[in-house]
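Okay, structure first, notes after.
Letters A, B, ... mirror the listed sequences (proteins, then strands); counts begin at 1.
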Protein chains: 2
Amino acid sequence: MDTRQRTDQQRSADQRRRELLEAADRVVLRDGPGASMNAIAAEAGITKPILYRHFGDKGGLYAALAKRHTDALLDSLRAALDAPAARRERVEATLDTYLAAIEARPQVYRFLMHPAEGGAPSDQGFDTGRHSIPLLRRMGEELAEVIEERVDLGPDSRRLARVWGHGIVGMMHAAGDWWLGEQPCARAELVHSLADLLWGRLAVAGDRAGGPGF
Amino acid sequence: MDTRQRTDQQRSADQRRRELLEAADRVVLRDGPGASMNAIAAEAGITKPILYRHFGDKGGLYAALAKRHTDALLDSLRAALDAPAARRERVEATLDTYLAAIEARPQVYRFLMHPAEGGAPSDQGFDTGRHSIPLLRRMGEELAEVIEERVDLGPDSRRLARVWGHGIVGMMHAAGDWWLGEQPCARAELVHSLADLLWGRLAVAGDRAGGPGF
DNA sequence: GACTGCAGTTACCGCAAGTAACATGCTAGC
DNA sequence: GCTAGCATGTTACTTGCGGTAACTGCAGTC
């Protein structure tokens, strides 16, 4: 029964890991990303070394935490991206999905993107920052694949698709971040404005009347 | 001679501050953003408390450091943005200026944007992250102003210009970050691809032949 | 019943941020 | 000239965190 026992142990270890991650999640979402390992361990009802046995170091824990949320977000984005609809509708749906996600759970978003804000004024000791980029990169790569697969970009399509994938994701991210900071308009308006930008409205807009030079 | 003395002292204090910033610059660019206050003080030939008297805390020092570089970058961007040329040329010139800057001094760029990477594997004790966003935000706001001032966007132009400003800056940033990581093409190609995206090529591209349903 | 392996603990190290209290030199007023 | 004040600098400390070593108790195994 060696294998059977192994699987039992494995299962309980995974279960424990999940519990620890949930505890970490609670603390991080409450105290911000500056949460200490001690605090997380306390929330989980155990002590530090166990966390280290499970996750190696703080970066490992945060990476695991980030991966959970990142995977979840990417799943919803994929769903929006795969919906059977015209291109512009799909783009708008994807933008809206992303923005709805960050609007619904800004704490999670801030953890994923800006690992160094919440918490004490003299916070220290988070070593994330390695995690915000992975999310952006992954989104960029996935979008690039979708673009290359669906849009006819002529020769050099691979490179072009990747540039656009990362560029569009960055646009969405930065606009979303700004929008989340100072809710200047409804989500739908933002979605529309961004889609307009992607649809080339900048190119066809006229010059302003009293513009300097023209 | 009270005022005269005051100004003398003031001048020397400012000078000292500049020297300290240059020393900090050297250390941060050499050791990454995980550089300790002790190391910076040593490089400047003094000890920690003086740094704290000048900058308050580590965040203050890093903010001052970031402001220097941010201001410099914004100056060059403004120059490119103000050049007398057609809109597309200006856009390309601005993109190129930004990308040339991050290509020329990736260390500075990484400090401004990803304050948590270089340095020891178990780095700790940087509390920036408060600085990357300011740069993006400032660029976004400035671009928004330029857009609103020069482009005729009809009613609601203020909101639209800000959305676009932040969105375009984010696009530039994310694409630049990815491009810097894995130099996949020449700078000029990237500039062209991004400008094409902004010029609506995504909207007019056809669907790919064997696409799944689309 | 001794043996192995795993969850868990306490107690510690190292290191960096930040601070208090002490030393030193310069200018100013008497 | 001599002391008062102030800026500049120092040493030596506290606090708090990440990370680890070494010990403890407890399942199941031969």
Measure OH/A/Tyr62 against C1'/D/dG19 and give the value in whole Å, please.
15 Å
For a quick test of reading the model: is some side-chain N or O of B/Thr47 closer than 4.0 Å to OP1 or OP2 of D/dG9?
no
Can you confirm whether or not the ring centre of B/Tyr62 sits under 6.0 Å from the ring centre of B/Phe111?
yes
Just how far, in rounded Å, is P of D/dG19 from CG of A/Asp57?
5 Å
To the nearest angstrom, the CZ-C1' distance between A/Phe55 and D/dG19 comes to 16 Å
Taking for each residue the nucleotide of DNA chain D bearing the nearest heavy atom, is the 5' side occupied by A/Arg53 or by A/Lys48?
A/Lys48
Does any donor atom in the side chain of A/Ser193 or B/Arg159 lie under 3.5 Å from an acceptor atom in the other side chain?
yes
Of the listed nucleotides D/dT11, D/dG19, C/dG18, the one nearest the side chain of A/Lys58:
D/dG19
B/Asp82 vs B/Arg78, test: salt bridge (Lys or Arg N to Asp or Glu O under 4.0 Å). Steps then yes/no.
CA-CA 6 Å; B/Asp82 283 344; B/Arg78 263 189 290 266; over 6 Å; no
In whole angstrom, give the distance that lies between atom CG of B/Asp14 and atom P of D/dT8.
11 Å
From CD1 of A/Ile50 over to P of D/dA21, roughly how many Å is that when rounded to an integer?
17 Å
Measure CG/B/Asp31 against C1'/C/dA16 and give the value in whole Å, please.
14 Å
Give the nucleotide from the list D/dG18, C/dT10, C/dA17 with an atom nearest to the side chain of B/Tyr52.
C/dA17
May I have the distance from B/Leu61 (atom CG) to C/dG18 (atom P), rounded to whole angstrom?
10 Å
Nearest-angstrom distance from the residue atom CG of B/Asn38 to C1' of C/dA17:
10 Å
Does some side-chain heavy atom of B/Met172 sit less than 4.5 Å from a side-chain heavy atom of A/Met171?
no
Between C/dG18, D/dT10, C/dT9, which one does the side chain of A/Ile46 approach most closely?
C/dT9
Just wondering, do B/Leu198 and B/Arg88 contact through their side chains at under 4.5 Å, heavy atoms?
no
Looking only at side-chain N and O atoms, does B/Arg16 come under 4.0 Å of OP1 or OP2 in D/dG9?
yes
Any side-chain N or O of B/Ser36 under 4.0 Å from OP1/OP2 of C/dA16?
no
